[in-house]
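The block underneath contains the structure these notes are about, expressed in structure tokens.
Sequence positions, counted from 1, serve as the residue numbers for this chain. In this text the structure is predicted, and so the values were computed from the model without any measurement.
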Amino acid sequence: MANSQQANLIVQRGEESFTLQAGQSLKPGDIIRNAGTDSASVGSVSLVKEYPSLIAKVPPGATVRVTDVGNPEDEVLGLEAVDGPVEISEANAELASNADFAINPEVETVSGLFGAVPLIGGGLLGPAGAAIALAALASGSNGDGNGGDSPTSGGQASGLAGGVQNLGDGINQTPLAPVTAVTDPVAGGLAMVGDALVNSGDPSGVAAALGTIVGTPDGGTGSAQDGGLVGLLATASEGINDAVATGPLEPLSGVTTPATQTLGSDSGSTDGVAQGLANAGSTLTDDQSALSPLTSEVLGPVVGNSGGQDGGLPQTLTQTSEGLTDLTAQDATLAPLDPLTSGIAGGVDTLAGGIAQAGQALADQSAQDPSGITTLVADLLGGETQPISSASGGGDPLAPLTALAG
């Protein structure tokens, strides 16, 4: 299956010739000629580790032939030079997908807002491993081998795409900002795939529901505004909730709703584990201890702190415990599992209580540590402390820990 960007490429198949368009199928023996005035790159994407992906640099007037590689069931197509100074080199699947023209091992397409999007293996989704290559392809190319704007660059995405976008937003506030060169294309690719599924016209509604889970470029609302890991969990959970609200997946809501509430979202509001992480993120972001270059400037934004409150780790555990209880409530689909989840939830609550007691014990002695590190640890463990505004001063910052252990 072809993904054509801007190159003017002509395919010769026996006596037939045609201009290559996105979504057309190619066969072994097809000859591709660059009829344009600029060089074009042709990529052959392989999802089989035994066969590398290829990129051919085809100058104007030059031609390459599509070849069959490996077993027919592998659906791997190769490239070989026919005429002209063609350069063919091995590449990974992502680079091959970002060529001006990419040959993918897919056999069906759907049309969406961003054009024809391949669907793997002849089915609605096909092999799960192919999603990685498809996401890389969906991040786009502007025809000169450089990445174009991400589909999520103009707004807040929803679903899993929005979650990855939120994680990147958190990372972008730290010295780790270059990592967004990875997260942004992944978010854009997921949004492109999700939008294509939502707009596929599948009469069963399954494709649209799955697309809602994957995410669309500008559908993010509510908890989708959170950043970091908090936003990843909350927005992905919200996408699942939206997908099962109506349509063919609605029967699953009895299981997914309490699960997503536990994970991160309740009616558009951050909840569950995500809320607990937000609490920890707020503590890290507000930290003024000697560790603040790490905690406040790096860990806080990456974890996320939107809507964070006091409570630390114990509240995260408590949220998880409540989620387990809701998952198997009396009127829930999984109610028969209540004896098991109730026992686990009780153990989690006991653990949370013990951690909170340790946190308060540290908090009571935190004034002895002018570095503020003990205050930070106590806050994370759920203790109520008075913030230390300065990291200066002498003394042993481990003294409170030593006293607690003694």
request  = Identify the residue among I240, D242, V244, L160 that makes a side-chain contact (heavy atoms from CB on, under 4.5 Å) with I213.
outcome  = I240
inquiry  = Consider side-chain contact (heavy atoms from CB on, under 4.5 Å). Of V64, V66, T67, which one does D30 pass it with?
reply    =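 Only match with D30 under side-chain contact (heavy atoms from CB on, under 4.5 Å): V66.
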Answer yes or no: is there a donor N or O on one side and an acceptor on the other, between the side chain of [X] and the main chain of [Y], under 3.5 Å?
X	Y	result
S366	A363	yes
D184	G188	no
T174	G170	no
S296	P293	no
Q165	A157	yes
N34	V58	yes
D195	A191	no

Less than 4.5 Å apart, side chain to side chain, heavy atoms only: is that true for [X] and [Y]?
X	Y	answer
D38	P60	no
V11	I31	no
S158	T216	yes
L291	L376	yes
K57	V86	no
T19	L9	no
I32	I10	no
L190	V186	yes

task = Report the C-alpha separation of L79 and V42 in whole Å, then their side-chain angles, then the decisive distance to 0.1 Å, and conclude whether the side-chain contact (heavy atoms from CB on, under 4.5 Å) test is met.
result = CA-CA 9 Å; L79 297 168; V42 177; 4.0 Å; yes
task = Please test S371 against S289 for side chain to side chain donor-acceptor pair (under 3.5 Å), starting from the C-alpha separation and ending with a verdict.
result = CA-CA 6 Å; S371 74; S289 75; over 6 Å; no
task = Report the C-alpha separation of D364 and Q360 in whole Å, then their side-chain angles, then the decisive distance to 0.1 Å, and conclude whether the side chain to side chain donor-acceptor pair (under 3.5 Å) test is met.
result = CA-CA 6 Å; D364 292 341; Q360 190 57 50; 2.9 Å; yes
ask   = Can a donor-acceptor pair be found between the side chains of T260 and N241 at a distance below 3.5 Å?
value =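 Yes - a donor-acceptor pair under 3.5 Å links their side chains.
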request  = Answer with yes or no whether the side chains of N166 and T235 bring together a donor and an acceptor at under 3.5 Å.
outcome  = yes
Hey, can you pull the donor-acceptor pairs under 3.5 Å for the side chains in residues 246-257, sequence neighbours left out?
| unit_1 | atom_1 | unit_2 | atom_2 | d |
| --- | --- | --- | --- | --- |
| S253 | OG | E250 | O | 2.8 |
| T256 | OG1 | L252 | O | 3.2 |
| T257 | OG1 | S253 | O | 2.9 |

message = My understanding is that only residues two or more places apart in sequence, or in another chain, count here; which of them pass salt bridge (Lys or Arg N to Asp or Glu O under 4.0 Å) with D349?
response = none
request  = Can you tell me which residue pairs pass the side-chain hydrogen bond (donor to acceptor under 3.5 Å, both in side chains) test with a partner in residues 76-88, sequence neighbours excluded?
outcome  = R65-E80
message = Using side-chain contact (heavy atoms from CB on, under 4.5 Å), reason through L317 and I355 one step at a time and then give a plain yes or no.
response = CA-CA 10 Å; L317 293 173; I355 292 175; 3.7 Å; yes
List in chain and number order the residues that pass side-chain contact (heavy atoms from CB on, under 4.5 Å) with [X], two or more places apart in sequence or in another chain; answer none if no residue qualifies.
X	value
A259	L327
N172	A177, T180
A356	P314

inquiry  = Minimum heavy-atom separation for V348 and S321, please, with both atom names.
reply    = CG1-CB, 4.0 Å
side-chain contact (heavy atoms from CB on, under 4.5 Å) evaluation trace for T375 with D379 = CA-CA 6 Å; T375 298; D379 283 341; 3.8 Å; yes
